[in-house]
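These notes are about the structure you will find just below.
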Amino acid sequence: MELPENLNKDSNGYESAEKIILRWDSTASEDARERMIFETDRQEADLYLQAVDEIQRSLSNVSISTSSNAGKNANAVDDQSKVNTTIQIAMARLEDEFRNILITHSSALETDSLLDPSSSSISTPSHHELEEDDTLSNDDSSHHDLLQLQLQHCESSDSSTYRSTSSIREVDLMPSEAICDLQAIAMRMISSGYLRECIQVYGSVRKSAIDSSFRKLGIEKLSIGDVQRLEWEALESKIRRWIRAAKVCVRILFASEKKLCEQIFERVGTDIDDACFMETVKGPAIQLFNFAEAISISRRSPEKLFKILDLHDALMDLLPDIEAVFDSKSSDSIRVQAAEILSRLAEAARGILSEFESAVLREPSRVPVPGGTIHPLTRYVMNYISLISDYKQTLIELIMSKPSTGSRYSGDQTTPDMEFAELEGKTPLALHLIWIIVVLQFNLDGKSKHYRDASLAHLFIMNNVHYIVQKVKGSPELREMIGDDYLRKLTGKFRQAATSYQRATWVSVLYCLRDEGLHVSGSFSSGVSKSALRERFKTFNAMFEEVHRTQATWLIPDTQLREELRISISEKLIPAYRSFLGRFRSHIESGRHPENYIKYSVEDLETAVLDFFEGYPVSQHLRKRSQ
């Protein structure tokens, strides 16, 4: 930069420089208070910087002169005092200019700068982030669009196997001319001993800009205590929003702030740009990560597992970027905080899984579900397990220790047994999920004992184990982990329950259709005892009507299973009744009031079986054959 001609040729450069400095002294001039040097013409700004350089040289010369003539030259001391005063005036002015430039250019990021020109499309976010979040600030539509672009950028650089820092997207926060001016001012302030003031001004202005971005992203100023006092339902949406916002903060906002610090202070020294960066972002970064920390140490409960895993996955994915952005010694605390939160989230997830097992085992409800249908616990546990399988990769990494072989428990009647020898080769996560299913079945077996009707108890087990099988079959990930061998074992259990139901219900009914006890023989007559036969028909009618009345209110929710069981009942009942009717109808019809004994045709029974397991009372008496 060339000195202006009048300053270059002046025999007394200090006086000329001092005049320029004093002309812009805002404490002495109304015009200086109302105008900013760097908002006037370029030559005026350059002239002022050169004047500062001249004053700094004069200060250096005076300091040397005063040091070499200590105690001998009072004029030298006066000169130094005068130069010091001028420097102070100049630094105060430069501090104002520095602040003004920062404020002027601390505007919202340009939306175009957030789009990746190498990508022609934006990838679809994961299913855990698809829900719309209506809680984002909505100050104006243009800024909302900006935030959406930011979030889309972060999601487009996301991948479940991503472990590099290529997702960092530095954007230019200020125009290059402003950066040059800030750099020129910073160099002069720091060389004059005003490093602390420079850092403080920079940090206060840029922190304000970050705070504004935080508000737009919906990041609230919540202490750890504030977060822990919130209801979980309210936290769920905040977690989803935090995950999306954290990606923008680390990969764009903080990374771009670091770049800006390096641009402004690169000629001054890396320690200074680190100091300015940390002065700017340390508070916001702590505020950002405090939210995740609060979740990691909150009270554990099963419903929190999946959001905790979402947080864990997001933070794990961000960790390489956090280490890249906060790579200096002064930012150790941020890296350490992030790593510790990640560790605590992993521990919380493991703890919740363990506590979930215990909760399933000890679930205390004793009131039988009406109709032997699927118990709410079964639905809850299997839906939970299905969701767990969606986090297979994360949980495989978290659950490292394999349960020991042999029975998980032994000699305790309040806990189930599980032989691990037959599950050799399963991953720790697969064993964990199978164990939860074992625990669930153990609990259901206990609940079945609260039914007074043994048939209904068997139907209850059939329904619930069948539901477990269907949930496993319906999830490819879960089926792969559970394995076909264990699935066949479960299938065998619900089929055995169906067989036990049929025995408990129909053996006594079909017993009425036997020939034994109906034939008589004696010295005077032989053949069929009509009285015994009439009694047998009456007993069958009464028993079937009771079964029909009762079991129409029982429920098999699965249509296919319901139909299969009805067919199985019909295959045993209808041929037996048809045969019995064929053999003994004539004996009843030859007597008085046969309709009192043969009340139903084969077709009536076939129709009646269709009422079974619908879950509601029959609206009329058992339909009789046409008379």
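Hydrogens, waters and symmetry mates play no part in the numbers below; they use all other heavy atoms, side chains included.
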Short side-chain donor-acceptor distance under 3.5 Å, Ser223 and Asp226: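 Yes.
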
Short side-chain donor-acceptor distance under 3.5 Å, Glu279 and Gln200: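 No - no donor-acceptor pair under 3.5 Å links their side chains.
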
Partners meeting ring pair (Phe, Tyr, Trp, His ring centres under 6.0 Å) with Phe356 (sequence neighbours left out):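 With neighbours one apart ignored, the set is Tyr384.
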
Partners meeting ring pair (Phe, Tyr, Trp, His ring centres under 6.0 Å) with Phe254 (sequence neighbours left out):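 Ring pair (Phe, Tyr, Trp, His ring centres under 6.0 Å) list for Phe254, sorted by chain: Phe326.
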
Ser176/Gln263 under side chain to side chain contact (heavy atoms under 4.5 Å, CB included): CA gap, chis, key distance, verdict: CA-CA 9 Å; Ser176 57; Gln263 289 174 321; over 6 Å; no

Pairwise ring pair (Phe, Tyr, Trp, His ring centres under 6.0 Å) hits with a residue in residues 177-205, at least two apart: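 As it turns out, the ring pair (Phe, Tyr, Trp, His ring centres under 6.0 Å) pairs with a partner in residues 177-205, which skip direct neighbours, are Tyr202-Phe265.
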
When you measure from the side chain of [X] to the backbone N and O of [Y], does any donor-acceptor pair fall under 3.5 Å?
{"X": "Ser237", "Y": "Ala234", "result": "yes"}
{"X": "Ser386", "Y": "Met382", "result": "yes"}
{"X": "Gln228", "Y": "Ile295", "result": "no"}

Output all residues satisfying salt bridge (Lys or Arg N to Asp or Glu O under 4.0 Å) with [X], sequence neighbours left out; order by chain, then residue number.
{"X": "Arg299", "answer": "none"}
{"X": "Glu347", "answer": "Arg350"}
{"X": "Glu30", "answer": "Arg33"}

